[in-house]
2 protein chains.
Amino acid sequence: MSSSMKRKQIIQQHLENDQTVQVNELAQELSVSEMTIRRDLSELERIGVLKRTHGGAIKEVSRSYEPPFSLRRSRHLEQKQLIAREAVRFVTEGDTVVIDSGTSSIELAKELLSFTHLTVITPSIHTAMLFTDHPTIEVLVSGGMLRTGEGSLVGDFTRHFFEQLYFDTFFLSAAAISSESGLTEYIQEDAAIKRMIASHAKKTIALITSDKFEKTAFARICPLQDIDVVISDREPAAQLSAALHSNHVEMSIPSQQGENL
Amino acid sequence: MSSSMKRKQIIQQHLENDQTVQVNELAQELSVSEMTIRRDLSELERIGVLKRTHGGAIKEVSRSYEPPFSLRRSRHLEQKQLIAREAVRFVTEGDTVVIDSGTSSIELAKELLSFTHLTVITPSIHTAMLFTDHPTIEVLVSGGMLRTGEGSLVGDFTRHFFEQLYFDTFFLSAAAISSESGLTEYIQEDAAIKRMIASHAKKTIALITSDKFEKTAFARICPLQDIDVVISDREPAAQLSAALHSNHVEMSIPSQQGENL
DNA sequence: TTAGTTCAAACATAATTTTTGTTAGTACTA
DNA sequence: TAGTACTAACAAAAATTATGTTTGAACTAA
């Protein structure tokens with residue numbers, strides 16, 4: 001991770017705690033010049049995380065409880081890459097797969113670049129972008145409204161698009177998974193679309209980093225029984241494990257033979 | 001333009017002339033190592049421009065007569081920027097505008113970033129990408145199949161998407177304009193979609209670099225009378241000028257007060 | 001086969017771009 | 001109005017990317 005990203009994460013943590021930060025304090029704590037902090041802050045302001053004030057910044061009330069995309073993308077990156085490498089084992093040449101928006105999904109998309117014949121369907125322009133120059137993978141992008149900062153397409157057009165298609169495999173991203181509430185998402189609308197896509201897929205595979213185990217976000221996507229496989233970076237605790245097992249969900253964990261060299 | 005781009009353009013010109021190139025000849029002509037030429041060639045192979053052979057490469061038969069996006073993007077860049085700067089004068093805050101795929105359109109999209117309230121509708125993921133982090137501009141992306149190397153969305157989904165919407169202004173890209181055949185495009189399907197969008201827009205503005213004057217591509221988009229404004233980098237010759245005038249098309253040329261400092 | 005090329009991989013070096021710091025002059029705040 | 005924070009412009013440093021070189025393997029044509 002670049003050092004400017006690290007700084008920005010720390011700044012956001014301070015905002016979480018105190019709602020406010022000061023330029024001079026941050027400069028001292030992070031041992032960089034004030035100018036650098038100002039540049040970080042104006043960058044964070046541009047993506048809607050905070051609001052600049054004279055001498056510092058205050059936290060912006062966010063659209064939802066979801067941390068911004070730019071932050072989520074770098075978080076748990078190694079785990080996401082592990083999960084992605086495990087996920088490709090469920091894909092065979094010629095498949096029609098849906099790659100959800102979400103940060104784990106981008107890592108999966110990168111892995112899929114090495115396939116030759118595939119139909120990839122996605123509501124994420126980041127994923128689409130990755131395949132622009134690939135000559136033989138067919139990519140369908142759902143229409144819709146672009147969610148600021150996320151690069152994901154949402155809304156009626158998106159739903160309507162997916163309603164008309166059927167798929168082999170749906171690689172689902174979710175905000176949380178729990179034995180009680182199943183899979184959940186931050187935004188109602190997103191949850192509804194994911195539920196619909198899952199119902200059109202032969203197989204639904206959830207890509208979930210272990211930090212999301214036994215948590216619950218706002219909106220229900222679907223109960224555990226609606227998904228076929230969960231791929232994560234480590235085995236969940238007993239309760240969730242049991243719930244997955246009793247709902248006939250396969251749990252797939254990558255074997256880590258020195259992946260992190 | 002980066003030197004590797006210059007080299008790649010020269011390589012493509014050679015391919016146009018001779019259908020084939022040799023690694024050692026190119027290395028000598030361009031005064032770089034053979035390894036560099038090999039890297040250029042494998043890059044060009046990846047985007048489908050050519051096919052590697054032992055010692056060189058042969059031209060790939062292209063999908064159409066259209067040069068590849070990567071090449072078009074850098075061609076006539078200064079003119080496109082001039083045109084884009086002129087085009088924003090036709091946009092006011094709050095408008096609903098369609099930004100076509102195409103290389104001039106990307107320059108226009110960059111200019112639009114400075115607006116605060118706007119609804120932008122586009123079949124180009126490059127354009128969409130530009131707006132991902134903009135907090136107040138609403139972006140609608142048409143669904144569709146991703147055209148390799150172009151980043152544009154095409155097909156039935158695209159058409160269906162645009163059929164349902166109406167717009168203030170459509171900034172149209174085209175392959176050519178002529179007094180005889182009006183506006184034309186390389187691909188039939190693209191032409192049909194552009195025609196449809198134009199019919200849903202209050203005002204259609206064509207962005208056309210002057211190298212496209214009095215040329216004709218394969219597929220008719222629409223006659224001159226269907227467009228309201230043509231923006232270009234210089235005044236067309238008498239015949240096209242007259243045709244535009246008699247079809248009540250306004251011609252808009254940027255005034256070049258030392259733009260190229 | 002074999003001699004002469006061409007190739008790809010790995011590393012070293014050069015060039016470019018991005019990030020950060022500094023300075024100087026302007027704007028804000030108490 | 002003094003003191004601090006700000007922006008813009010430039011300089012320096014760091015990181016990234018592009019290119020060259022070397023090596024040994026793979027290909028081609030006699």
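Labels below follow one simple rule: chain letters A, B, ... track the order of the sequence lines, proteins then strands, and each chain is numbered from 1.
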| message | I'd like to know if the side chain of T136(B) pairs up with that of T116(B) as donor and acceptor (distance under 3.5 Å, no hydrogens or angles considered). | response | no

N/O-N/O pairs, protein side and nucleotides 17-21 of chain D side, under 3.5 Å:
residue, atom, partner, partner atom, Å
dT19(D), OP1, S3(B), OG, 3.4
dT19(D), OP1, R7(B), NH1, 2.7
dT19(D), OP1, R7(B), NH2, 3.1
dT19(D), OP2, R7(B), NH2, 2.8
dG20(D), OP2, S33(B), N, 2.8
dG20(D), OP2, S33(B), OG, 3.0
dG20(D), OP2, T36(B), OG1, 2.3
dG20(D), N7, R39(B), NH2, 2.6
dG20(D), O6, R39(B), NH1, 3.4
dG20(D), O6, R39(B), NH2, 3.3

| query | Ignoring hydrogens and geometry, is there a side-chain-to-backbone donor-acceptor pair from E45(A) to R52(A) under 3.5 Å? | reply | yes

| task | Would you tell me whether T209(B) and D233(B) have side-chain atoms, one donor and one acceptor, within less than 3.5 Å of each other? | result | no

| query | Just how far, in rounded Å, is P of dT7(D) from CD of E43(A)? | reply | 14 Å

| message | Working note: R85(B) + E107(B), criterion salt bridge (Lys or Arg N to Asp or Glu O under 4.0 Å); need CA distance, chi angles, decisive distance, verdict. | response | CA-CA 8 Å; R85(B) 253 173 268 148; E107(B) 299 307 317; over 6 Å; no

| task | Check whether any side-chain heavy atom of L112(A) sits under 4.5 Å from a side-chain heavy atom of V97(A), and report yes or no. | result | yes

| Mind checking whether L130(A) and K110(A) have side chains closer than 4.5 Å, heavy atoms only? | yes

| field | Basic-acidic side-chain contact under 4.0 Å: R39(A), E43(A) | value | no

| Just how far, in rounded Å, is P of dG3(D) from NE2 of H54(A)? | 15 Å

| remark: As a check of understanding: the bend across the helix from dT1(C)-dA30(D) to dA30(C)-dT1(D), end axes from five pairs, rounded to 10 degrees, works out to 40°

| Of all nucleotides in DNA chain C with an atom under 4.0 Å from a non-hydrogen atom of chain A, which is the first and which the last going 5' to 3'? | dT20(C) to dT29(C)

| field | Inter-residue atom distance R89(A).CZ - S252(A).OG, 0.5 Å rounding | value | 5.5 Å

| Salt bridge between R147(A) and E189(A), side-chain N to carboxylate O under 4.0 Å? | yes

| message | Heavy-atom count check: over 12 atoms from other residues, nucleotides or ligands less than 6.0 Å from Q28(A) CD? | response | no

